[in-house]
**Q** 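Quick one: the structure is below, questions incoming.
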Amino acid sequence: WIPQIISYTCKIVAIVVAWYIQKIISTFYSAVRGGLMVSRSGMKIVGDKFPRLKIDPEESYLDEILGWLLAAAGFAFQFALGFGPPL
């Protein structure tokens, strides 16, 4: 019985570790994707309201800089919550 218990215990530990790593990867991807969507949408809204400030996201790095800053803030917030949903 001992070898089976050790085998199943190792498998359970590996699944828990893999699950936690996947939560981190998913959180990072969601933060990056959300940050870029917000920054590009914000730039479009500002460009529509103030035509003199219109910046094309395809020719500027501003959307990436703002997006990555928002992504870092979002990831840090999720990390502080333990990758759980905000309540």
**Q** Residues in ring pair (Phe, Tyr, Trp, His ring centres under 6.0 Å) with Phe28, at least two apart?
**A** none
**Q** Set out, in order, the CA-CA distance, both residues' side-chain angles and the distance that settles side chain to side chain contact (heavy atoms under 4.5 Å, CB included) for Phe77 and Thr27, then state yes or no.
**A** CA-CA 10 Å; Phe77 181 75; Thr27 302; over 6 Å; no
**Q** Please list all pairs passing the side-chain hydrogen bond (donor to acceptor under 3.5 Å, both in side chains) test where one or both residues lie in residues 41-50, with sequence neighbours left out.
**A** Lys44-Asp48
**Q** Treating Ser26 as the side-chain partner and Gln22 as the backbone partner, does any N or O pair qualify as donor plus acceptor under 3.5 Å?
**A** yes
**Q** When you measure from the centre of the six-membered ring of Tyr20, is the NZ or CZ of Lys23 under 6.0 Å away and within 45° of the axis?
**A** no
**Q** Is there a path of hydrophobic side-chain contacts, each under 4.5 Å between heavy atoms of I/L/V/M/F/W/Y residues, joining Ile25 to Val17?
**A** yes
**Q** How long is the gap from SG on Cys10 to CD1 on Ile15, to the nearest 0.5 Å?
**A** 11.5 Å
**Q** Is Phe83 atom CZ crowded by more than 12 heavy atoms from other residues, nucleotides or ligands, each under 6.0 Å away?
**A** yes
**Q** What's the separation between atom CG in Asp63 and atom CG in Asp56, rounded to the nearest 0.5 Å?
**A**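 Those atoms lie 9.0 Å apart.
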**Q** Minimum heavy-atom separation for Pro57 and Arg40, please, with both atom names.
**A**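 In terms of heavy atoms, the two residues are closest at CB-CG, 4.4 Å.
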**Q** Are Phe79 and Val32 co-members of a hydrophobic cluster defined by side-chain heavy atoms under 4.5 Å apart?
**A**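 Yes: a chain of side-chain contacts under 4.5 Å links Val32 to Phe79.
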**Q** Do Met43 and Leu36 share a hydrophobic cluster (ILVMFWY, side-chain heavy atoms under 4.5 Å, transitive)?
**A** no
**Q** Hey, is CD on Glu58 packed in by over 12 heavy atoms from elsewhere, all under 6.0 Å?
**A**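 No - once you tally the heavy atoms of other residues, nucleotides and ligands closer than 6.0 Å, there are 12 at most.
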**Q** Looking at every non-hydrogen atom in both residues, tell me the closest pair between Ser39 and Leu66 and how far apart they are.
**A** CB-CB, 3.8 Å
